[in-house]
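One structure is given here, and the rest of the page talks about it.
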Amino acid sequence: MSATRSSASAKYRELGLTDHEYELIVDHLGREPNDVELAMLSLMWSEHCAYKHSKRLLRRLPTEGPHVLMGPGENAGAVDVGDGLAIAFKVESHNHPSAVEPFQGAATGVGGILRDVFAIGARPIAVLDSLRFGEPEASERSRYLLSQAVAGIGHYGNSIGVPTVGGEIYFEQSYEQNCLVNAMCLGLAPRARLIRAAAAGPGNVVVLLGALTGRDGIGGASVLASAELGEGDEAKRPSVQIGDPFSEKKLLECCLELLDRGLLTSLQDLGAAGLTSAVSEMASKGEVGIDIDLCRIPLREPGMEPFEIMVSESQERMLCVVAPECVGALLDVCERWEVLATPIGSVTTGDRLRVLQRGAAVADLPVKILVDDCPLYDLEPEPPEQPLYRPPTAVLNGTESAERVLLTLLRSANIASRRPVFEQYDPVVQSRTVRRPDEADAAVLALPGGAAIAVSIDGNGRRVACDPRRGAAEAVYECAANLACVGAEPLGLTNCLNFGNPEKPHVAWQLTEAVTGLAEACEQLGVPVVGGNVSLYNEAPTGPIFPTPVVGIVGRLPDAARAGRLAFGQEGDAIALVGPFDPSSAGSELAKLQGRAAAGKLPPIDPDAVAQAHRDVRDGVRSGALRSAHDIAEGGIAVALAECCIAGSIGATVTLPDGIDPFAEALGQGFIVSGPAEALAEMTVIGRVGGSALTIEDQLALAVSELRDARELGLSKLV
Amino acid sequence: MKFGVIRFPGSCDEVDALQAAARVGEAVLLWHADRDLQDVDAVIVPGGFSYGDYLRAGAIARFAPVMDEVAEFAREGGLVLGICNGFQVLCEAHLLPGALLPNDSLKFVFRQVVLEVVNADTAFTGACQEGERLSIPVKHTTGRFYAPDDELDRLEASGQVVLRYAPGHNPNGSRRDIAGVRNKRGNVFGLMPHPEHAVDLLTGSTDGLKIFESMRAYVGDPVLG
Amino acid sequence: MRARVLVRPKQGILDPQGQAVQRALPALGFTGVDNVHIGRMIELDVEDPSQLPEMCERLLANPLIEDYEIVESIAEPAHS
Amino acid sequence: MRARVLVRPKQGILDPQGQAVQRALPALGFTGVDNVHIGRMIELDVEDPSQLPEMCERLLANPLIEDYEIVESIAEPAHS
Ligand SMILES: Nc1ncnc2c1ncn2[C@@H]1O[C@H](COP(=O)(O)OP(=O)(O)O)[C@@H](O)[C@H]1O
Ligand SMILES: [Mg+2]
């Protein structure tokens, strides 16, 4: 390495670039990058933006489908839901910011995913959240993270008028040091309003919309600050991003009006890597160049350096491309919505991203080097010899009665009622919500014209830790099963891959196996992947998090009025068990409560039989033959039955088929349904609805009120 | 019957209110910066987080230009309904008595609550029976109704307490379980629960529709109430 | 001139925020704390301080539920 | 002793509340107001004031995003 290069080495290494990557940059550029360029490149070549360790793997996921309008590569995916309407959706992680400042981290996570959705022209109509924390009883920190993250999600979603309609929470030791905060958003748009991020038309104007640019989330790049930060330089330190849902609400309404008036050529949110990422993505997709004039960018703080402006992650900002003749009309709309709009540059012929300051270029890079040239790495997977995760503390010793076990399961943090959480979210704003949390396995949102969409988000890390391939597949099947329970057919899937350090062979193995499992399950159910997100390096000195692929599926049902419920509804109804349900204790909640480590193969899955069961339940709900449908998940058949009883405030008496352990698990493969006896004639009837107690013959009998008390108690003290 | 629903920056439930009102009459949106009430027969100040609820819920919105017209409209006896954030705005504007404080739980709460109609002889509850129970959702962080005791006595004595949370349903620590109050004259009414979110069985209950029907009946026949 | 306005809940009005803090302190090992109340602080540069009382009455505080206190000419703007 | 803690958003950290109030004021006829920031005020009786700094760090303020200022021995409890 040349002398100059080694002098630069300190910097680029601190910025996370390897020597090899820096060599590549210098070779492509034919010179050393200056500091502004280095800041931009280091972020664009980060795992977060470049998917260095996951991109190749992601190619295994099926992305084609009859309903797909937009697939991976856009800010959000989109599927056709008929009547000229599209549903856009995506899930994204905000794990690290939430670990630093849970309230603001979770809030800005919601703000970010909302922007991804309205960036393609869809009005956000629903949010779901997927959360992971350490054991809440054991850890005060976990309780703090939980209550703050939940408050932050509610704060942003409630304030901006988008209902939070669902989600999931698990507590496991492995998340103690690395909590997960994933947020999913759905948007509704007339197909004609969908817009892509590709910039076009040399001479067109690039306009920055929304908040002032401050030193928010500058993170690692701050090592480039020209002056050493000393006392009193507080302001120069990278700062925590604060969510401002009020500003985003105005920005959202403004952008949708701009699109309705046909004023925009393209639109892009500002997320990770701020302007740098937004501008280079737009230029790259449109195969054009862009000039940015730094001096025009409205700043929140004095004395910001060029690199700070280019990588600032200040929230509530969007970037759009507008034809010159439309700029006047655009500024009028923005003024009406009190949204700051500033022309900051223009689309150019050629292929360069140039950042100008008083005429001089402070950065001048080929767009390609920012977006395409980052090297992709192959993983070196190796299954671990010995278990990666230490066993949890036992709270049951295996000698307890089935009654005691069921009550303990219902009270346990992973199974107890989520009411203390979802009561902090507004699930009804926008007047579309047909099924709220706890009413059904999936949220149901009415579409104009009588049909509806359903959505669920799922992913059980402990089961993936046991068996990454089947565990990931189970996440897809469970999510689809939740849709079947309301009568919905899956249209498209999004996912967020939360894993440890992919450079470690056993994490690489978890990741590879899990993506393979996801791909297989998607193929088998015929559900295309339309988007997602990857969050790696969720790892502490004590080890990686449970491998946690989180899956969100959007489906459609023809008649909103027939959306399914999980509650037993009618004295005397028959109860049937549907599906190839062959559970085992591996990775089950009971195994956890008994102190058993996350290990052991999960039961094999019979794809055709499972798909058939999903169809049967879906059809039964759609036809109205079934009065209730609920998939069997954590806690096995006993917990599923208890949940149906509690929701309906009515008892049931059942006899389990031979050999089925009431607490054994297999996710997404079995259902508890109820309805008039004649409607269930073809099914495996296992009992009847009625009375005020749940009785499982030869196992247990408990009053529904006692079951409810246990389930309600669980989280109430912890949130 | 023509309803006007105000849209402030940060309003969230204005379209819901518009659609609910449209079930019983004509309904239009009124822009916060306009001074034109478009000859509506009733004004709805909707729910949401006007101006982000920054400083104090409703404190900034009350100064929007349109609110001068609403105050004038109210002085002339026009019907004004404030829902949730709208209730907060009307209190801040002194068009309604009392104030709304942070929930005693200090948390946002969404809940389908049961309300009791305390006074069915009003422009807003004429379609209900006294003592009737309504199932309507609440969703707010700042819904604890407060007024000094002597004021509360006066409000109760003069029939200005229109709705109460049924026993065990008070979600926010409101004094004397008060969920909705009207002004002395009876033409301005505010409540924390969201009647516009209880107008269709598909998405919940239809009990909230009675509020809008009452208003239409009243405007159709002002002798009532 | 930089001024500061302090707004606190009126005496006798339940202050759950103050109570929550008071309840939390012992758990953290802080004893001998009592009578905790939480209010709002507004700091601003104002050309004509004589406007402050009216600003408080009309916007910054709600006199029905809050008392306010105006502290004129405090040090340096905390923010540039 | 009655003490007061003033908590304000750290310099450089976005203060949406302050922004919103500042934008609202001119409309109300209050001009010449600038640089508005909104924070919290905590008032409390404390036996051992030397505990205050740690109290602020751990509970009363969020040091990541807020600065605090301790004003010891203020007048009379504002509340009985
Ligand atoms: N696990 C995944 N499965 C499918 N697509 C993915 C996945 N992770 C990321 N993608 C796609 O890669 C693109 C870049 O992701 P991301 O950087 O999160 O987008 P943005 O910057 O708009 O948030 C997006 O189109 C996203 O949908
Ligand atoms: Mg994006």
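All of these numbers come straight from a predicted model, not from anything done at the bench. Labels below follow one simple rule: chain letters A, B, ... track the order of the sequence lines, proteins then strands, and each chain is numbered from 1. Below, all heavy atoms of this structure are taken into account, side chains as well, without hydrogens, waters or symmetry copies.
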To the nearest 0.5 Å, how far apart are [atom1] in [X] and [atom2] in [Y]?
| X | Y | atom1 | atom2 | value |
| --- | --- | --- | --- | --- |
| L6(C) | E43(D) | CG | CD | 7.0 Å |
| L25(C) | R58(D) | CG | CZ | 9.5 Å |
| D45(D) | Q22(C) | CG | CD | 8.5 Å |

With chain D, which of [options] has the greatest number of heavy-atom pairs at distances under 4.5 Å?
| options | result |
| --- | --- |
| D34(C), I38(C), L59(C), V7(C) | D34(C) |
| L28(C), D15(C), V21(C) | L28(C) |
| T31(C), L60(C), V5(C), D48(C) | T31(C) |

Task: Residue part contacting chain C, namely of E54(D), when any heavy atom lies under 4.5 Å - done: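 Both the backbone and the side chain of E54(D) come within 4.5 Å of chain C.
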Open item on the list: Any side-chain to backbone donor/acceptor pair from R8(C) onto M41(D)? Under 3.5 Å, distance only.
Closed with: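 The answer is no, because no donor-acceptor pair under 3.5 Å joins these two groups.
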Open item on the list: How close do N35(D) and R2(C) get, counting heavy atoms only, and between which atoms?
Closed with: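 Nearest heavy atoms, N35(D) then R2(C): O-NH1, 2.9 Å.
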